[in-house]
Amino acid sequence: MELDSQGRLRIPAELAQLGQLGSEVMLLGVQDHLEIWAKERWDAYLAEKQAHYDEIAEAALGGSE
């Protein structure tokens, strides 16, 4: 994608609609790519995963024995 003259990235309307993007978004760096989430959907995702943070961290970092 190319940036405009003000350094902005234009998200095609069909992708914005698919991602349910509104006026507030979360921009995340994930390994080798960026993800753009609707803020409400990101907040809901975090709330859902919060109860499992310890399990997720252990799986990602390899549990200590």
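Using bins of under 30°, 30° to 60° and over 60° for the plane-to-plane angle, the ring pair W37/W42 lands in the perpendicular bin.
Annotation for K39 and E24: closest pair CD-OE1, 3.0 Å, computed over non-hydrogen atoms. The two residues A38 and G19 have their closest heavy-atom pair at CB-O, 3.9 Å.
More than 12 non-hydrogen atoms from other residues, nucleotides or ligands lie less than 6.0 angstrom from CG of D4.
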> Stepwise, does the side chain to side chain contact (heavy atoms under 4.5 Å, CB included) test hold for L27 with L34?
Replying inline: CA-CA 7 Å; L27 181 62; L34 295 174; 4.1 Å; yes

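A distance of 10.0 Å separates CD of E2 from CG of L9, quoted to the nearest 0.5 Å. Taken to the nearest 0.5 Å, the CD atom of E55 stands 10.0 Å off from the NZ atom of K49. With rounding to the nearest 0.5 Å, the separation of CE in M26 from CG in L21 is 12.5 Å.
A single hydrophobic cluster is seen to contain both Y45 and Y53, as judged by linkage of ILVMFWY side chains at heavy-atom distances under 4.5 Å, directly or through other members. V25 and L28 fall into different hydrophobic clusters, where Ile, Leu, Val, Met, Phe, Trp and Tyr residues are linked whenever their side-chain heavy atoms come under 4.5 Å apart, directly or through other members.
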